[in-house]
Amino acid sequence: MSDPSFSPRGAVTVPDKPALEGLEQKWSAWWESQSTYRFDRSRSRAEVYSIDTPPPTVSGSLHVGHVFSYTHTDTIARFHRMRGREVFYPMGWDDNGLPTERRVQNYYGVRCDPSLPYDPSFVPPPTPPKPPVPVSRPTFIELCARLTHEDEKVFEDLWRRLGLSVDWNLTYATIGKPAQKASQAAFLRLLARGEAYQTEAPTLWDVDFRTAVAQAELEDRERPGAYHRIRFELAARPGTFIEIDTTRPELIPACVALVAHPDDPKYKDLFDTEVMTPLFGARVPIKAHPLADPEKGTGAAMICTFGDVTDVVWWRELQLQARAIIVPNGTFRALAWGREGWESSDPARAQAAYDQLTGLPSEKARARIVDLLRESGDLVGEPRPVMHAVKFFEKGDRPLEILTSRQWFIRTMDKRAALIALGAKLQWHPPYMRARYENWVNGLNGDWCISRQRFFGVAFPIWYPIRDDGAIDYGRPVVPDESRLPLDPSTDVPDGYTAEQRGVPGGFAGDPDVMDTWATSSLSPQITGGWLDDPDLFSRVFPMDVRPQAHDIIRTWLFSTVLRAYLEHGRLPWANAAISGWVLDPDRKKMSKSKGNVVTPVALLDEHGSDGVRYWAASGRPGVDTAFDAGQMRVGRRLSIKLLNAAKFVLGRPRPEGLGVGATGPVMAPLDRAVLEQLAALVEDATRDFEAYDYARVLERTESFFWFFCDNYLELVKSRRYGDHGEALAASANTAMLAALSALLRLFAPFLPFVTEEVWSWWQEGSIHRSRWPEAADLRALTAADAPAIARDRAALDMAVQVLGEIRRTKSEGKKPLKTPAARVRVVAPRESLDRLADVEIDVRAAGLIGLLETAEGDFHVDVELGEITQATPS
RNA sequence: GGGCGGUUAGCUCAGUUGGUAGAGCACCGGCUUUACACGCCGGCUGUCACAGGUUCGAGUCCUGUACCGCCCACCA
């Protein structure tokens with residue numbers, strides 16, 4: 001036989017009652033012991049299929065969305081493995097950054113106080129205390145590591161249970177040493193090339209986390225607010241006012257100008273004259289800028305430092321002064337009017353007003369100042385409530401503020417054209433996802449801020465000299481040699497200094513910040529591929545074949561990875577992006593913990609089995625948000641059971657003795673040839689679709705064929721295969737069935753790894769997941785049919801199915817058992833069809849329990865008379 | 001405001017170059033049939049969102065509209 005894999009190897013062992021129970025434990029343990037998914041790094045780049053696995057956030061909750069998208073990737077990985085590629089499939093854990101910090105704070109009841117000394121004997125209290133216990137930064141980081149390790153085990157258990165074919169020797173963590181080293185080295189190289197820079201500038205700021213955040217981490221949320229109409233008195237014409245609308249009246253003390261459109265006739269004559277701010281009496285100019293919309297509010301707006309990103313644009317482009325009033329925790333700072341350049345026409349009144357705001361957060365200050373404005377008569381009318389979108393840090397609970405601070409940036413704006421070009425070269429699955437990427441790149445409005453004022457993360461590996469006057473000299477950072485990485489500048493000492501010089505004049509200070517989590521995640525191909533420490537491995541896996549990920553992080557993870565690969569290697573990090581959708585609940589909302597509609601994945605696997613859950617997941621098409629559907633999981637479970645039973649039949653020992661599974665022979669019956677030809681076509685389609693990352697289509701078609709195979713083909717050939725028409729025809733059926741079973745099992749293997757492995761083990765050696773993907777040519781070699789013969793065989797199969805269907809219908813409508821004989825069947829059909837029916841007559845007669853079969857030429861129809869056969873069976 | 005998807009049976013969704021509308025689930029009826037009752041056989045179900053256009057012919061191609069969802073921008 002040209003395809004050896006359908007010939008049974010050794011003894012065939014089929015359980016009496018095949019069942020799914022226990023298969024997951026059995027086979028996942030076996031795969032582990034056999035190293036079935038071990039990556040062989042001796043293979044060349046062309047032979048390798050490498051996957052840039054997304055590291056799940058281990059501090060987050062496990063949910064069906066994980067199961068969904070990781071199953072998609074696993075089907076792709078298994079397909080390519082069976083196609084002969086050596087699959088590089090690592091697993092990563094995202095334990096970096098804020099989610100971990102927040103979880104550690106809540107879990108242990110601690111808070112990080114970097115000023116505390118390290119206490120090695122610290123043990124977290126048994127229950128989280130309130131208020132939280134302050135701990136040193138090293139202790140906090142230890143607790144982060146401890147908890148994430150626990151979380152990782154839970155994820156690993158889930159992944160093994162789900163049957164992901166990852167190589168567990170290739171795990172990585174985004175806070176692990178290799179990740180730190182890669183992040184720090186890449187940063188130093190960017191710094192050396194001038195692609196990373198530090199500057200003091202207005203920055204998006206989360207007041208609860210007290211850190212800068214990036215544009216990519218923003219999200220809009222609808223919040224109630226109110227327009228407040230405020231009057232500003234013209235400095236040159238007391239008693240004459242300009243009115244503006246604002247949703248943030250509390251920022252009036254930070255007001256540095258008013259602005260209107262250059263062509264707005266209402267304000268044309270007033271540009272570059274001055275007004276007095278209400279309550280505070282500061283003189284501010286009226287400026288013209290095209291971003292001001294004459295249609296909005298009164299047409300004039302207040303510019304504050306800083307109320308929103310438009311303020312930043314105006315402030316920068318109109319070269320205004322800064323009056324910063326909000327401090328990192330989001331409250332109004334103490335300040336003295338009349339000093340620090342905070343002039344006022346009435347400093348005492350300004351001070352009195354401002355004192356009422358000092359120490360308040362924005363929202364409280366807003367309520368307070370509205371009272372003051374109402375008393376002073378500067379509030380025109382009453383506030384008009386409105387729902388409006390407010391910018392939030394995606395993980396934050398309060399609206400962002402914009403604060404001026406010193407931050408690190410990676411140059412992005414000047415790379416946009418190159419990034420668009422790279423995005424066009426990337427193969428997107430589905431293709432329309434590219435638009436989201438291009439949308440994002442084109443909408444960027446600043447370089448990427450990568451520094452965060454947090455504790456648990458990758459440190460910036462640099463120090464700054466401290467001048468003799470005690471000031472930190474940010475302009476001359478002290479950088480280490482790459483060989484020292486990874487390092488922590490808060491404990492490690494720069495070359496040429498001693499530890500005693502830390503923090504003293506003439507000494508040094510470490511950079512206090514950590515990197516944005518995406519600054520590390522964006523290097524995942526480099527981290528997993530051994531970029532710095534294992535160039536041999538890197539040359540075999542990079543650039544990678546595929547990045548699988550969900551569509552919501554195209555703007556973050558996908559974008560930043562493309563950027564970093566471009567900056568570091570001048571090329572794309574992968575050839576393909578396979579984008580998964582979300583899991584929606586039946587109400588079409590994104591499944592989320594807050595809505596309380598999350599089903600735990602383990603409970604699903606318990607109820608429906610891994611293969612059942614995977615079936616549901618794999619039926620979700622690439623990029624498409626998919627409804628959670630337990631019904632589909634039941635269908636998948638049923639399919640798995642059907643596979644067990646169909647295989648039991650195909651591999652079973654039919655009567656008479658001697659015509660066992662070993663009795664194969666030339667495929668000579670038209671039905672057998674037809675089914676193998678159909679299967680060959682299916683294999684071609686499946687291969688093509690899988691190559692195009694359309695796993696869902698492969699599953700759908702394979703399943704459809706499989707049910708046809710069971711319900712029609714197997715039923716039609718049963719009798720012949722039992723030997724009722726001689727050994728040669730039995731052997732033909734036997735061969736076709738075995739070849740079909742083998743191919744079908746392998747087609748299903750990427751989707752249903754457990755049940756297919758189980759069935760494979762009944763009659764084959766080794767893992768099905770290391771077996772060869774079926775080839776259409778192998779199946780066609782069995783039939784050796786030319787095109788006209790194929791057409792005849794297909795027509796014959798078609799006739800057989802139609803006639804059998806008519807007989808079944810008659811029995812069903814007559815409410816008779818299917819075992820009821822059909823005494824007389826008259827088939828009227830065109831001559832050609834009758835010839836084809838004659839080709840398969842013995843199979844149709846046997847399957848339909850036909851007594852007398854009559855034929856006549858005419859338009860197709862079938863008459864069936866049920867009942868016992870009363871006359872001798874005609875030939 | 002810009003962009004991207006979607007709208008097909010009660011539900012979830014297929015429908016590859018235009019050629020008489022499909023599957024599963026659900027529902028109804030029947031059947032112990034020697035692989036499977038975790039099964040089998042059969043049945044019912046549609047103005048393919050709407051309006052135009054191209055075509056001998058449109059679920060499929062073009063234009064527009066409506067609604068749903070998402071991404072981005074704006075948000076004084």
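Labels below follow one simple rule: chain letters A, B, ... track the order of the sequence lines, proteins then strands, and each chain is numbered from 1.
A distance of about 37 Å separates the C1' atoms of G53(B) and C44(B), rounded to the whole Å. Straight-line distance between the C1' atoms of G6(B) and A49(B): roughly 11 Å, to the nearest whole Å. Taking atom C1' in both G69(B) and C62(B), one finds a spacing of 25 Å when rounded to whole Å. When the P atom is compared between G15(B) and U54(B), the two are found 29 Å apart, to the nearest whole Å. U7(B) and C40(B) have their P atoms separated by 31 Å, given to the nearest Å. Across the P atoms, U45(B) and G24(B) are found 16 Å apart, a figure rounded to whole Å.
The base of C74(B) sits within donor-acceptor range of the side chain of Asp220(A), with an N or O pair under 3.5 Å. In the interface, the side chain of Ser812(A) is paired with the base of G29(B) through a donor and an acceptor atom under 3.5 Å apart. Not a single donor-acceptor contact under 3.5 angstrom links the side-chain atoms of Lys811(A) to the base of C41(B).
When heavy atoms are screened at a 4.0 angstrom cut-off, Ser640(A) is found touching no nucleic acid atom at all. Leu291(A) comes within 4.0 angstrom of a nucleotide base, judged by non-hydrogen atoms across all strands. Asp293(A) comes within 4.0 angstrom of a base, heavy atoms only. No engagement by Glu438(A) is indicated, since no non-hydrogen atom pair under 4.0 Å with the nucleic acid exists. At a threshold of 4.0 angstrom between heavy atoms, the contacts of Arg229(A) with the nucleic acid are absent. Lys819(A) comes within 4.0 angstrom of sugar-phosphate atoms only, judged by non-hydrogen atoms across all strands, and of no base. Using a 4.0 Å heavy-atom distance criterion, Arg697(A) is classed as a base contact. At the heavy-atom level, Arg634(A) lies nowhere under 4.0 Å from the strands shown. Base engagement by Ala292(A) is indicated by at least one non-hydrogen atom pair under 4.0 Å involving a base atom. Nucleic acid contact class of Gln215(A) (heavy atoms, under 4.0 Å, all strands): sugar-phosphate only. Across all strands shown, Trp707(A) has heavy atoms under 4.0 Å from sugar-phosphate atoms exclusively, and none from any base. Here Lys815(A) lies in heavy-atom contact (under 4.0 Å) with sugar-phosphate atoms only.
Two rings, from Phe751(A) and Tyr695(A), have their centers 6.0 Å or more apart. Ring centers of His608(A) and Trp616(A): at least 6.0 Å apart, outside the cut-off.
The interatomic distance linking Asn712(A) (CG) with C41(B) (P) rounds to 8 Å, in whole Å. Nucleotide C70(B) holds its C1' atom 14 Å from the CD atom of Glu219(A), rounded to whole Å. One can place CD1 of Ile641(A) at 13 Å from C1' of A35(B), the figure rounded to the nearest angstrom. For Leu584(A) and G5(B), the CG to P distance is 18 Å, given to the nearest whole Å. The separation between Glu21(A) atom CD and C38(B) atom P is 12 Å, rounded to whole Å. One can place CG of Asn439(A) at 16 Å from P of G1(B), the figure rounded to the nearest angstrom. Rounded to whole Å, the distance from CZ on Arg809(A) to P on C31(B) is 18 Å. Rounded to an integer number of Å, the gap from Leu744(A) CG to A35(B) P is 19 Å.
With sequence neighbours left out, the ring pair (Phe, Tyr, Trp, His ring centres under 6.0 Å) criterion links Phe232(A) to no other residue. Residues satisfying the side-chain hydrogen bond (donor to acceptor under 3.5 Å, both in side chains) criterion with Ser580(A), sequence neighbours excluded, are His72(A). Residues satisfying the ring pair (Phe, Tyr, Trp, His ring centres under 6.0 Å) criterion with His429(A), sequence neighbours excluded, are Tyr693(A). Among residues two or more places apart in sequence or in another chain, the side-chain hydrogen bond (donor to acceptor under 3.5 Å, both in side chains) test is passed with Gln678(A) by none. With sequence neighbours excluded, the residues forming a side-chain contact (heavy atoms from CB on, under 4.5 Å) with Asn712(A) are Phe708(A), Val801(A), Arg808(A), listed by chain and number. With sequence neighbours excluded, the residues satisfying salt bridge (charged side-chain N to carboxylate O under 4.0 Å, His left out) with Arg248(A) are Glu250(A), Glu401(A). Scored by the salt bridge (charged side-chain N to carboxylate O under 4.0 Å, His left out) test, Asp689(A) finds Arg697(A) as partners (sequence neighbours excluded). The side-chain hydrogen bond (donor to acceptor under 3.5 Å, both in side chains) search around Asp606(A) returns Arg161(A), not counting sequence neighbours. Remark: Arg316(A) pairs with no residue by the side-chain hydrogen bond (donor to acceptor under 3.5 Å, both in side chains) rule, at least two apart or across chains.
Each of Thr298(A) and Asp694(A) was matched to the nucleotide of RNA chain B holding its nearest heavy atom; the match closer to the 5' end belongs to Asp694(A). Taking for each of Arg688(A) and Ala435(A) the nucleotide of RNA chain B with the nearest heavy atom, the 5'-most of the two is the partner of Ala435(A).
Shown for residues 380-390 of chain A: residues whose heavy atoms fall under 4.0 angstrom of RNA chain B, namely His388(A), Ala389(A). Scanning residues 256-268 of chain A for heavy-atom distances under 4.0 Å to RNA chain B yields an empty list.
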For RNA chain B, what string of dots and brackets results from 5' to 3' when Watson-Crick and G-U pairs need both distances under 3.5 Å, crossing pairs get [ ], and pairs with another strand get |?
-> ((((((((.[[[[.)...(..]]]].(((((.......))))).....[[[[[..)....]]]]])))))))....
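One finds no salt bridge joining Lys391(A) and Glu222(A) here, because no Lys/Arg side-chain nitrogen approaches an Asp/Glu carboxylate oxygen to under 4.0 Å. Electrostatic pairing of Asp672(A) and Arg720(A) counts as a salt bridge here, judged by a charged N lying under 4.0 Å from a carboxylate O.
Taking only side-chain nitrogens and oxygens, Gln632(A) never comes nearer than 4.0 Å to OP1 or OP2 of C11(B). The side chain of Arg223(A) places no N or O atom within less than 4.0 Å of a non-bridging phosphate oxygen (OP1 or OP2) of C75(B). The shortest distance between the side-chain N/O atoms of Thr310(A) and the OP1/OP2 oxygens of C74(B) is not below 4.0 Å.
Each of C70(B), C25(B), G43(B) was ranked by its minimum atom distance to the side chain of Val635(A); first place goes to C25(B). Side chain of Lys296(A), nearest nucleotide from C36(B), C74(B), U16(B): C74(B). Side-chain proximity of Arg637(A) to the nucleotides C70(B), C38(B), C25(B) is greatest for C38(B). Counting only heavy atoms from C-beta on, Lys17(A) has its side chain closest to A37(B) among C38(B), A37(B), U12(B).
You'll find the side chain of Leu558(A) reaches within 4.5 Å of the side chain of Tyr437(A), heavy atoms only.
Using a 30° and 60° split on the angle between ring planes, Trp314(A) and His289(A) fall in the perpendicular class, above 60°.
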